[in-house]
Amino acid sequence: MSPQKSHTPQYRPTVGLEIHVELATASKMFCACTNKFGDPPNTNVCPVCLGMPGVLPVMNRKAYEFAVRVGLALNCNIATYTKWDRKGYYYPDLPKNYQISQYDLPLSSNGYIDLPVDSQVKRVGITRAHLEEDAGKNVHDLPDCTGVDLNRAGVPLLEIVSEPDMNSPQEVMVYARAMRQLVRYLGVSEANMQHGHMRFEPNISLWIFDEAETDGGHYTPIVEVKNLNSFRALEKTVVFEIERQINEWQADSQNYRMDKMSKQNRGWDDVKEITVFQRHKEEAQEYRYFPEPDLLPVEIDEAWLKQIRSQVPELPAARLERFQKEFGLEAKLANLLTSEKSIADYFEQAVRAGASAKRAANMIQSQGLRLANERGTDVGSLGVWPERLAQLCKLADADKVSATATVAIFEAMMESEDSAEKIAQDKNLMQVSDASELESVVQQVLTENTKAVEDYRAGGKKSKKARGFLLGQVMQKSKGQANPKVAGEIIDKKVLG
Amino acid sequence: MSAKIGPEQVRKVAHLARIKLSESEVEQFSEQLSDILTYVDQLNELDTSNVEPTTHPLRLSNVFRKDEAGETLSNEAALANAPKKHGGFFAVPKVLE
Ligand SMILES: [Zn+2]
């Protein structure tokens, strides 16, 4: 990576990522409690998710289908037979003292995702994706005690485990962002980071090859960092760990090796921006997995799989490519439009309703997304439905309104049900581009301003200013409705001949 | 008969299950657990090479519920049995993150 001196080893980061995604179902995984963030503590709870004795969990069909949908989108093998297991550990936010998860028969495995990294395709393997239930939340800022809120306990949680295929912080970030985009495209999660819908656990190690070594190279001990809940924390953690592991290796190159030191867990300190040692693997929990007797296995047949497959939409990468080919959009704009499914859908519907692709794309970029962002909503919810955006695009394409006027018209359309054309007329924003209609106005202006006409015709210093003045007069007389380009052409023709 | 489960293993399992055992109990459970395993070992006499592994004793699968939110407990009812509560939370001894 960096320039090598003879005593400095070369290294390559090796990172795998576990991602936990909360699924956007209406109810929890194994009980009918509401799956919702932000309610008062312990109000979305029932005997099942509180871990009361004698209760029985029942699977949420939609959660299972959502999970399979992700497995399909990640090119995984979908298991025709899966079961549930209990993962035992003790923590206050886990009321049953075990978590229902999938251990040896996950619902999907052996997939991959292709990512754009430095204009190349980087393939990252997906080891497995399985379903489990989320734990509750511990609140630590209470006096003398820790508070436990079990609203989140039992929310369907998808764990996606990658192969250690990522070799730089950049690749980790591209992967993590692509996963967020994917689950949002699939409609299985809001993936709202502020609501903790997505959490990351990177496994970080370095492959070190030092020419001084006879065996050619080795790995540093793997470090697993738990529970990162922002992209920022993920990136900083990976960058920090790479740096830290190089230093550790340089301090003790003989012993800081995977074969001599066990895996360790570290935590991210968001204030100091460092990782902190927690424990070595041999001290780590033993989860004592065993089959969950309270739940029945799931068998999935071709018909059901086909039905779930039909719910997988065109995926972001394919859509990005198509937008560039089909609509002739440049990569950057196509990227923006396909960043969210809602934006891409909105754009395509406007084009299907008759908008030219480039006009619609630019309008969405410069106005729709800006306004949606200002109002904290998405572009499709601004009130300017795709069909109405198409009306506005058509007006602009026909030169009936100026590019500047589209801004005001778009904003007015958000508040009104009227057509783009009616709004433009009501606001006097229709533009006159018809030369015959503009001729008389121009003639009148020229007759009233002979000095400026002479200055313009004379050329030299004053010429340009005089032309600007004449055009300004035309705009004023037409109440701003003259198409300045057409009006300018008429002035030029009449004055210069 | 040699013990299949020694005292060390009993102590470890007890720790994982957060159960406190006296030394005599460790001894007792070591014997009992070993006996149970020996008993279950009889199954090894059967030839199961042509039998699919069982993952669940019931020959049923795919029992689902619809994804619909139903009734929940009130906060008062949820906390009714809690030895300690605080502002709608279950209160437990301070946990260090
Ligand atoms: Zn519940």
Side-chain angles (χ1 to χ4, degrees), chain A residues 25-28 30-36 40-47 49-50 52 58-64 81-83 88-93 95 97 104-105 136 138-140 142-150 267 285-288 291-293 295-300 304, chain B residues 5-6 8-21 29 33 36-37 40 43 48 51-97:
Chain A
T25 51
S27 63
K28 292 188 181 179
F30 299 115
C31 63
C33 286
T34 305
N35 170 12
K36 186 160 173 280
N42 299 305
T43 51
N44 295 326
V45 291
C46 74
C49 55
L50 287 176
M52 299 288 181
V58 187
M59 290 178 276
N60 180 335
R61 185 181 177 101
K62 191 173 207 173
Y64 201 85
Y81 184 98
T82 57
K83 66 168 176 69
Y89 63 93
Y90 287 80
Y91 205 63
D93 60 14
N97 291 332
D104 55 342
L105 296 173
N138 290 335
V139 177
H140 298 286
L142 303 178
D144 310 318
C145 67
T146 289
V148 183
D149 173 13
L150 296 176
Q285 328 237 10
E286 275 180 48
Y287 293 121
R288 297 173 298 147
E292 165 61 271
L295 285 165
L296 292 163
V298 179
E299 290 181 87
I300 197 162
W304 190 13
Chain B
I5 303 279
E8 255 332 290
Q9 250 178 308
V10 173
R11 275 188 213 103
K12 188 173 176 190
V13 172
H15 169 72
L16 288 172
R18 303 296 186 273
I19 296 171
K20 202 179 261 175
L21 297 181
F29 287 129
L33 288 170
I36 290 168
L37 288 188
V40 173
L43 290 173
T48 56
V51 180
E52 281 279 306
T54 305
T55 51
H56 202 282
L58 294 182
R59 288 185 180 272
L60 283 172
S61 62
N62 297 13
V63 174
F64 289 102
R65 33 174 278 277
K66 258 191 160 174
D67 180 32
E68 282 166 0
E71 252 181 80
T72 55
L73 295 174
S74 67
N75 180 261
E76 294 70 36
L79 298 181
N81 294 330
K84 263 187 87 189
K85 45 203 126 181
H86 185 104
F89 293 100
F90 293 94
V92 300
K94 272 255 177 241
V95 178
L96 296 177
E97 276 286 81

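A, B, ... follow the sequence lines: proteins, then strands. Residue 1 opens every chain. Quick caveat, the model's predicted, so the values are computed rather than measured.
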B/K12: which residues meet the salt bridge (Lys or Arg N to Asp or Glu O under 4.0 Å) condition with it, sequence neighbours left out?
A/E286
Of the backbone (N, CA, C, O) and the side chain (C-beta and beyond), which part of B/A17 lies under 4.5 Å from a heavy atom of chain A, both, or neither?
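The answer is both parts of B/A17.
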Proximity breakdown for B/K85 and chain A, heavy-atom pairs closer than 4.5 Å:
neither
Determine whether more than 12 heavy atoms belonging to other residues, nucleotides or ligands lie under 6.0 Å from atom CG of A/D104.
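Count over threshold, so yes.
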Mind checking the [atom1]-[atom2] spacing from [X] to [Y]? Nearest 0.5 Å is all I need.
X	Y	atom1	atom2	value
A/W304	B/N62	CH2	CG	5.0 Å
B/S61	A/M59	OG	CE	8.0 Å
B/F90	A/N42	CZ	CG	5.0 Å
B/K66	A/T25	NZ	OG1	15.0 Å
B/E68	A/S27	CD	OG	8.0 Å
B/R18	A/Y89	CZ	OH	12.0 Å

Tell me, side chain or backbone of [X] under 4.5 Å from chain B's heavy atoms, or both, or neither?
X	value
A/F30	backbone
A/C31	backbone
A/R61	both
A/L105	side chain
A/D144	backbone
A/K36	neither
A/L142	both

Within a strict 4.5 Å, meaning less than it, do heavy atoms of the [X] and [Y] side chains meet?
X	Y	value
B/T72	A/T43	no
A/P92	B/V95	yes
B/L73	A/P47	yes
B/F89	A/D149	yes

Return yes if some donor-acceptor pair links the side-chain N/O of B/H56 with the main-chain N/O of A/L295 below 3.5 Å, else return no.
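Yes, because the side chain of B/H56 sits within donor-acceptor range (under 3.5 Å) of the backbone of A/L295.
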Using a cut-off of under 4.5 Å for heavy-atom pairs, which of A/G147, A/P297, A/A26, A/C46 has the most such pairs with chain B?
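The answer is A/P297.
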Distance-minimising heavy-atom pair for [X] and [Y]:
X	Y	value
B/A78	A/V45	CB-CG2, 3.6 Å
B/L60	A/L296	O-CD2, 3.7 Å
A/H140	B/K94	O-NZ, 3.0 Å
B/R65	A/A32	NH2-CA, 3.6 Å

Given the rule in the side-chain contact (heavy atoms from CB on, under 4.5 Å) test, do A/Y287 and B/L16 qualify, once you have shown the distances and angles that lead to the verdict?
CA-CA 8 Å; A/Y287 293 121; B/L16 288 172; over 6 Å; no
Report the residues that fulfil side chain to side chain donor-acceptor pair (under 3.5 Å) with A/D93, sequence neighbours left out, ordered by chain and then residue number.
none
